[in-house]
Amino acid sequence: MKYAKRILMFVLALLTVFSASLSVSADNNVPYSTYSYNYEGESVESPHAYVPEKRIDGANLGIGKLANPQDLCVDKDGRIYIADTDNARVVVTSADRSSAQAISSFQFEGKEYALTKPTGVFVTEDGKLYVADSTGLKIYVFDRDLTCVQVVERPVSGLLPHDFSYIPTKLSVDKAGRIYIVSVGNTYGVVALNPDGEFSTFIGAQKVTVSVADRIWRRFMTEEQKKRTLSYVPTNYNNIAIDEKGFLYVTSTYSDVNAVIQTIQSRSTENRFAMIKKLNSAGEDVLIRNGAFPPAGDVEISMATGGNATNTDIFYGPSSIMDAAVGYNGVYSLADQKRGKIFTYDENGNLLYAYGGTGYQFGLFRQLSAIEYDTDMNMYALDAAAGSITVFEKTNYGALVLNAIQLSADREYEQLVGVYKKILLENANFDLANIGIGTALRRQGKYKEAMGYFELANDVEDYSEAYSEYRREKLGNYILLVPVLAVLLCYLISRFFKFAKKFNSAVPSTVTGKRPLRQEIMFAFYVIFHPFDGYWELKRSKRGGVRGATVILALAAVSLLFRTVGMGYIYTGRQNVDTNIFANLMVIIGVVAVWCIANWCLTSLMYGEGGLKDIYVATCYALVPLVFFTVPATILSNFVTANELMFVNFFFTVGYLWTGFLLFCSVLSTHDYQLGKNVIAVILTVVGMLIIVFLGLLFVNLIGQMGSMLKNIYNEITFRM
């Protein structure tokens, strides 16, 4: 019996290894990588959420090749409706996709009609089929038996503007039968018709974006020049989808590539240059863009040589979004025609996964033109160039992600945590899982653990809220100590400055020779409160010296380094800071050195009275406020929430402004300048610093090139010999 159990366990182990190998083999057969983006905008590979399961084309449907199909939809029974554009027909498959029939000509009320260029199809829950014929300028409605029951002509209304363009290309229909149409050349928004086909209104007109420079320039143009320049007209939509609640998802592409890239890289939550919008009945964009980056396809964007990027080049520029597919619980996908990829987002705008690509292999596209979900959230992707549909099936990982979103919508938080943990076992970089677990832990009062998960996901906002609760929990019994400690700290600081004042008053100004180091350092506290008198005595009475100045410079360098490595996570928004201590110290000391050299070179020409030593000492004494405000602000940043960061910024601002004022006074007193001349000297010193840095970089580059040349000469001589 014992041996039988061992044999059984061995067989089960073999089966596990074998099934795992089959799984890996299946993944290796997928011709693309599935990925998402981290907070830094770097693509992170993830398990496949969808894999190609089947390809459907005209040949295996028995209806001949599809020619430039532009749209598709799937009904609840699994029938696929295809706008076979260049064949002037709509293809309808059977539920099992084994056969199909075509609609090309038909009768309505005794009159013969024929499709000319169908580019959009939509099927309702009750099986009604709507077809947009862009050349015939009509919308045709068919019942479940594919009998035409309505023909919607071009809308006629006194509400329509005289320059209204009506070329219906895509459409959606809500549960009440209202028809929403995307029309080529129409800049007034989505055309809304009532169920009878009569014009109702325009929804979601795009706003015109004109730069300030262009507005000013056009004021000086003649009427003839204005006519010759580009007209500022809104961008029109290229596709439309509708969700179960009646919200419209409209997509756009923009010719201003640089503006789109700036929108993505700046993490803008505004809808300017947004490639996807979610419109309510009033035409307002209510799409949530709370992800790390706005929903716009690829984030890692390369520019072509010379900074140019065209929408026809798959390697450069932003994605070209041509369609949207809406699933359940706010999940939606965008079709990037340029790169042949499908990007899926949750209702908050977080990228769940991206997959696909361009090519001829099964699962890739030559020209991705439309996407659609079925009732099981499987994805159907239409390739216009190949004339085929690729059916993508959910993997176990994809099903887990969608299940987590469903549980979140149902507020089943206990089950949700278990699903998120399963997701993390397959994809440790899935930020939404960490955020979900952190949220559940926070609801359970486990704030410290929740903070750890939020930090893993780089979710500063939720981390701050969890920390606020954690701080309240820990300090709840000691809250009265906070004002007591604050008063005590203020008292100690006050006592210290009184001591410094008394100490400096007791030191005679007429003493000649080297002063003790403690006197040089303590005099700094007189300078920061009495800069004009202090800098005068610093130079004329030698109340300070190089030793004291060097100690202050070292303290300033250490304090700024402490800020770099010691700032709180809520302030920096970064989990780890990779710091080269030596390099940071050299940068801080280097800035002071360059300032001193630039000021000395300049003031030597402007008849300044201070030498290089005087400038160095005066500059270092101006750094004292930097030390006194940077250190406490850095410590404080580890104990504040996101709403309290203003106090940290206040400390830093006061420290920098005070130091800047002291630097100004140091130049004024050290060189005995008048106010106007001193302003010019400070400005020119900054310019001089830039010139020195430029020449330094040029010299380093020249040395590097000389070294490379000598190395090449050595290699050539060695090779010849």
(request) For R289, enumerate each residue passing the salt bridge (Lys or Arg N to Asp or Glu O under 4.0 Å) test, keeping only those at least two apart in sequence or located in another chain. (result) D285
(message) Under 4.0 Å between a side-chain nitrogen and a carboxylate oxygen: does that hold for E644 and R471?
(response) yes
(message) Going by side-chain hydrogen bond (donor to acceptor under 3.5 Å, both in side chains), name the residues that satisfy it together with R495, two or more places apart in sequence or in a different chain.
(response) none
(message) List the residues meeting side chain to side chain contact (heavy atoms under 4.5 Å, CB included) with L555, not counting sequence neighbours, and say none if there are none.
(response) V551, V627
(request) Check whether any side-chain heavy atom of V527 sits under 4.5 Å from a side-chain heavy atom of V624, and report yes or no. (result) no
(request) For N348, check side chain to side chain contact (heavy atoms under 4.5 Å, CB included) against everything at least two apart and list the hits. (result) I288, D346, N350
(message) Run the side-chain hydrogen bond (donor to acceptor under 3.5 Å, both in side chains) test against E609 and tell me which residues pass, sequence neighbours left out.
(response) R540
(message) Applying side-chain contact (heavy atoms from CB on, under 4.5 Å) to L623 and V592, what does each step give before you reach the verdict?
(response) CA-CA 10 Å; L623 301 178; V592 173; 4.2 Å; yes
(request) Could I get the full list of side-chain hydrogen bond (donor to acceptor under 3.5 Å, both in side chains) partners for D533, not counting sequence neighbours? (result) none
(request) Test I692 against M689 for side-chain contact (heavy atoms from CB on, under 4.5 Å), laying out the working first. (result) CA-CA 5 Å; I692 291 173; M689 292 176 68; 5.7 Å; no
(request) Start with the C-alpha gap between I423 and V401, add the side-chain angles, then the distance that decides, and say whether side-chain contact (heavy atoms from CB on, under 4.5 Å) holds. (result) CA-CA 7 Å; I423 292 174; V401 172; 4.2 Å; yes
(request) State which residues pass salt bridge (Lys or Arg N to Asp or Glu O under 4.0 Å) with R518; sequence neighbours excluded, sorted by chain then number. (result) none
(request) With sequence neighbours excluded, tell me which residues meet side chain to side chain contact (heavy atoms under 4.5 Å, CB included) with N429. (result) V44, N427
(message) According to side-chain hydrogen bond (donor to acceptor under 3.5 Å, both in side chains), who are the partners of Y616, at least two apart in sequence or on a separate chain?
(response) T550
(request) Apply side chain to side chain contact (heavy atoms under 4.5 Å, CB included) to K446 and list each qualifying residue two or more places apart in sequence or on a separate chain. (result) L441, Q444, E449
(message) Are there over 12 heavy-atom neighbours, none belonging to E461, within less than 6.0 Å of that residue's CD?
(response) no
(request) Can you establish whether the number of heavy atoms outside F639 located under 6.0 Å from its atom CZ is more than 12? (result) no
(request) Indicate the ring-plane relationship of F496 and F499, choosing parallel, tilted or perpendicular according to the 30° and 60° boundaries. (result) tilted
(message) I'd like to know if the side chain of S468 reaches the main chain of S464, judged simply by a donor and an acceptor atom lying under 3.5 Å from each other, with no hydrogens or angles considered.
(response) no
(request) With rounding to the nearest 0.5 Å, note down the distance linking CZ in R442 to OH in Y447. (result) 9.0 Å
(request) Find out whether F293 and L351 are in side-chain contact, i.e. whether some heavy atom of one side chain is under 4.5 Å from a heavy atom of the other. (result) no
(request) Write out all pairs satisfying side chain to side chain donor-acceptor pair (under 3.5 Å) with one or both partners inside residues 658-679, taking only residues at least two apart or from two chains. (result) N599-H671
(message) Once side chain to side chain donor-acceptor pair (under 3.5 Å) is applied, what residue pairs with a partner in residues 625-639 remain, sequence neighbours excluded?
(response) none
